[in-house]
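Everything on this sheet refers to the single structure shown next.
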Amino acid sequence: MIHNIEEKQKWYARQSSVSGMLSEEELTRLIKQVEEREMLHAPVHLKENVFTQIRKQRQTAQKLQLFSYRAKVLVGMAAALTVLFLVPVGERETQALPQSSVFHQIFWQEQENVDEVQQGALRRQREIERTWQKYSEEQERDKVRESYLTGIENRIRDLRNRIF
């Protein structure tokens, strides 16, 4: 049994040196050597290389964002132009549609809503103009009244100067 243990230890010793594993003495010697002097040094331009890589990644991300934004704008413009060219405008196009179509009914309903909004805006504009005209007339009356009272005041002063 002891004989087997010694053989096992020898076998482990052979295995550790063959398989790349270090023995305890070799390991302690390596640790001392590393502590006494540095064995590995970072490359000289490592920091610059890392920062340039980061800059390149950011630039590509920005370029991708810009491309994405431009693509969205172009798609939106294309959709808007398509709608402008395909949606009928005016009486000729609307008369070509059958009178009972759903589109025609919706179109006229929307047209009536737009007309109501426009009429409301015109009413509000007329009311604003009337209010402004009243204000202007009041200002003119105030000026006339002030000049009239100033004239009376001047006459009273002249009369006082003559009397005294």
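Numbers for residues simply follow the sequence, beginning at 1. The analysis underlying the following values was restricted to heavy atoms, covering all of them including side chains, and did not include hydrogens, waters or symmetry mates.
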Less than 4.5 Å apart, any side-chain heavy atom of [X] and any of [Y]?
X	Y	value
Gln119	Arg123	yes
Arg124	Glu127	no
Arg126	Arg130	yes

Exercise for the section: Take atom CD of Glu146 as the centre, draw a 6.0 Å sphere, and report whether it contains more than 12 heavy atoms from other residues, nucleotides or ligands. Expected result: no
Handout entry: CD (Glu137) with more than 12 external heavy atoms under 6.0 Å
Key = yes
Could you state whether [X] and [Y] fall into the same hydrophobic cluster, counting links through intermediate Ile, Leu, Val, Met, Phe, Trp or Tyr residues with side-chain heavy atoms under 4.5 angstrom apart?
X	Y	result
Leu81	Val73	no
Val44	Val50	no
Leu122	Val114	no

Exercise for the section: Please list, chain by chain and in numerical order, all residues satisfying ring-ring contact (aromatic ring centres under 6.0 Å, His included) with Tyr135, sequence neighbours excluded. Expected result: Trp132
Exercise for the section: Decide yes or no on salt bridge (charged side-chain N to carboxylate O under 4.0 Å, His left out) for Glu153 and Arg157, but give the supporting numbers first. Expected result: CA-CA 6 Å; Glu153 184 180 341; Arg157 280 189 193 147; 2.5 Å; yes
Exercise for the section: Hey, could you give me each pair passing side chain to side chain donor-acceptor pair (under 3.5 Å) that has a residue in residues 48-68? Not counting sequence neighbours. Expected result: none
Practice task
Considering only NZ, NE, NH1 and NH2 on the basic side and carboxylate oxygens on the acidic side, decide whether Glu25 and Arg29 come within less than 4.0 Å.
Solution key: no
Problem - Approximate separation, where rounding is to 0.5 Å, of Asp158 CG and Arg155 CZ - result: 9.5 Å
Practice task
First locate atom CG of Leu149, then atom CG of Asn154, and finally report the distance between them rounded to the nearest 0.5 Å.
Solution key: 11.0 Å
Problem - Residues in side-chain hydrogen bond (donor to acceptor under 3.5 Å, both in side chains) contact with Arg145, at least two apart in sequence or another chain - result: Asp142
Problem - Full working for side chain to side chain contact (heavy atoms under 4.5 Å, CB included) between Leu30 and Gln33 - result: CA-CA 5 Å; Leu30 179 64; Gln33 189 178 16; 4.2 Å; yes
